[in-house]
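Encoded as structure tokens, the structure appears first; notes follow it.
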Number of protein chains: 2
Amino acid sequence: MDMTAPRRPNPAHGDCSKVSQILARVGDKWTVLVVMMLGGGPKRFNEIRRSIEGISQQMLTRTLRGLERDGMVTRTIYPTIPPQVEYELTPLGRSLLEPVMALGSWAQAHIPSIDAARAEFDRRKAG
Amino acid sequence: MDMTAPRRPNPAHGDCSKVSQILARVGDKWTVLVVMMLGGGPKRFNEIRRSIEGISQQMLTRTLRGLERDGMVTRTIYPTIPPQVEYELTPLGRSLLEPVMALGSWAQAHIPSIDAARAEFDRRKAG
DNA sequence: CGGCATCCTTGGAGATACTG
DNA sequence: CAGTATCTCCAAGGATGCCG
């Protein structure tokens, strides 16, 4: 059997590329930080920006747009002066938090092992 | 003063940068695929390569080195002719599979919602 | 067969400045 | 305050070739 076929619309594999997209999003430098921040309730643009050290305004905009597009976040404009925009997690966005936190916990728990492995690996390489 | 050091060694935050590294690894284009492949048991280099459509030999090498460095994978050289190298998940690597699979399942389950959200978002923007 | 070194292209992060 | 537009720059990743 030839496994080289580029794309298989095999239902058993669901849509593998879609899953990859989600994983990539979780691995994104800012997305998880933003989602966790919003986990505490609705936030305004600059409120988020100030709470995430090091993020540029453009990266925050892009991150929020991506999340909005995927239905993880809602964007509400209040036509006040000055303009006010509030972001809030949707149920979908909130549900993402669970597996992500699980992964985060795993990471937390295994940091020592990983650090040890790295030190060992680097030590060998250095000789 | 050097600001390149991780910001706060706050135990409550664990080591946030370390956690980010793990998340980034999971979001990596190839790492998860390789780990899942090895979840089925030890595999040889080209065996892995053939089973992952589209990966270059260099990317596979880099991915495996990274995993090896982090203690997720062991590398065993059999001094045969021609040389034979086998990769296998460590217990640590296997334990990573659990939260990753959970995230994968979440992704699978919510693909329809996400697709719908995207379509809606794009429709608005275009329309 | 497995792995490294080298070169090259490109996507996208990030800074800056402008608009509504 | 929130968002867009433009530019620069770098590193991720692909292709190729040689070595053990």
Side-chain angles (χ1 to χ4, degrees), chain A residues 4 6 17 20-21 23-34 37-38 42-70 73-88 121-122 124-127, chain B residues 3-4 17 20-34 37-38 42-70 73-88 121-122 124-126:
Chain A
T4 62
S17 65
S20 291
Q21 286 177 30
L23 293 179
R25 186 156 283 255
V26 168
D28 180 81
K29 189 175 178 182
W30 303 113
T31 297
V32 170
L33 287 173
V34 171
M37 195 57 51
L38 289 175
K43 296 272 185 301
R44 293 181 55 183
F45 186 89
N46 276 343
E47 202 175 351
I48 302 171
R49 188 180 176 190
R50 275 190 299 271
S51 65
I52 300 181
E53 199 56 30
I55 193 171
S56 71
Q57 147 263 60
Q58 193 178 59
M59 278 304 101
L60 180 53
T61 298
R62 287 184 192 175
T63 302
L64 287 167
R65 281 292 167 288
L67 287 170
E68 191 194 354
R69 178 167 184 262
D70 285 0
V73 158
T74 56
R75 177 169 175 265
T76 311
I77 307 176
Y78 297 98
T80 58
I81 309 266
Q84 184 169 340
V85 182
E86 214 170 63
Y87 293 90
E88 182 172 15
F121 184 90
D122 294 344
R124 281 198 204 176
K125 206 176 69 175
Chain B
M3 294 305 281
T4 60
S17 65
S20 291
Q21 286 177 31
I22 309 292
L23 292 179
R25 186 157 283 258
V26 168
D28 180 81
K29 190 175 177 182
W30 303 114
T31 297
V32 169
L33 287 173
V34 170
M37 195 55 54
L38 290 176
K43 297 272 185 301
R44 292 182 55 184
F45 186 88
N46 276 343
E47 201 175 351
I48 302 171
R49 188 181 177 189
R50 275 190 300 270
S51 65
I52 301 181
E53 198 56 29
I55 192 170
S56 68
Q57 148 263 58
Q58 193 180 57
M59 279 304 101
L60 181 53
T61 298
R62 286 183 192 175
T63 301
L64 288 167
R65 281 294 166 287
L67 287 171
E68 191 193 353
R69 178 168 184 262
D70 285 359
V73 158
T74 56
R75 177 168 174 265
T76 312
I77 307 175
Y78 297 98
T80 57
I81 307 272
Q84 184 169 343
V85 182
E86 214 169 64
Y87 293 90
E88 182 172 15
F121 183 90
D122 294 345
R124 280 198 205 175
K125 207 177 67 175

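Predicted, not measured: the structure shown is a model, and the values here were computed from it. Labels below follow one simple rule: chain letters A, B, ... track the order of the sequence lines, proteins then strands, and each chain is numbered from 1.
Using a 4.0 Å heavy-atom cutoff across all strands shown, B:Y78 reaches no nucleic acid atom at all.
Contact of the B:E86 side chain with the B:E47 side chain is not registered, since no non-hydrogen atoms from C-beta on lie closer than 4.5 Å. Contact annotation: the side chain of B:F121 never approaches that of A:D70 to less than 4.5 Å [non-hydrogen atoms, C-beta and beyond]. The closest side-chain heavy-atom distance from B:M37 to B:L33 is not below 4.5 Å. The shortest distance between side-chain heavy atoms of A:T63 and A:L67 falls below 4.5 Å.
Rounded to an integer number of Å, the gap from B:L60 CG to D:dA15 C1' is 16 Å. Rounded to whole Å, atom P of C:dC1 lies 15 Å from atom CD1 of B:I48. As a whole-Å value, the separation of A:R65 CZ from D:dA2 P is 12 Å. The CD1-P distance, from B:I77 to C:dG2, rounds to 11 Å in whole Å. The distance from atom CD1 of A:I52 to atom P of C:dG14 is 12 Å, rounded to the nearest whole Å. Whole-Å rounding puts the A:K43 NZ to D:dC1 C1' distance at 18 Å. Rounded to whole angstrom, the span from the CD1 atom of A:I81 across to the C1' atom of C:dG20 amounts to 10 Å. Note: CZ (B:R75) to C1' (C:dG3) measures 8 Å, nearest angstrom.
Between A:S56 and C:dG14 there is no side-chain N or O to OP1 or OP2 distance below 4.0 Å. Between A:Y87 and D:dC1, a side-chain N or O to OP1/OP2 separation shorter than 4.0 Å is absent. Not one side-chain nitrogen or oxygen of B:R44 sits closer than 4.0 Å to the OP1 or OP2 atom of C:dC1.
Comparing D:dG3, D:dG14, C:dG2 by their closest approach to the side chain of B:W30 singles out D:dG14. Here C:dA17 is the nucleotide among C:dA17, C:dG3, D:dC1 with the atom lying nearest to any side-chain atom of A:Q57. The A:K29 side chain lies nearest to C:dG14 when the options are C:dG14, D:dG3, D:dG13.
There is no side-chain donor-acceptor pair under 3.5 Å between A:Q21 and A:R25.
Side-chain to base pairing of A:Q84 with D:dA2: no donor and acceptor N or O lie closer than 3.5 Å to each other. The base of D:dT16 has none of its N or O atoms less than 3.5 Å from a complementary donor or acceptor on the side chain of B:Q58. Counting distance only, with no hydrogens placed and no angle test, the side-chain atoms of B:R62 and the base atoms of D:dG13 include a donor-acceptor pair under 3.5 Å.
Sequence order on DNA chain C of the closest nucleotides to A:I55 and B:L64 puts B:L64 first from the 5' end. Nearest-nucleotide assignment on DNA chain C puts the 5′-proximal partner with A:M59, out of A:M59 and A:P83.
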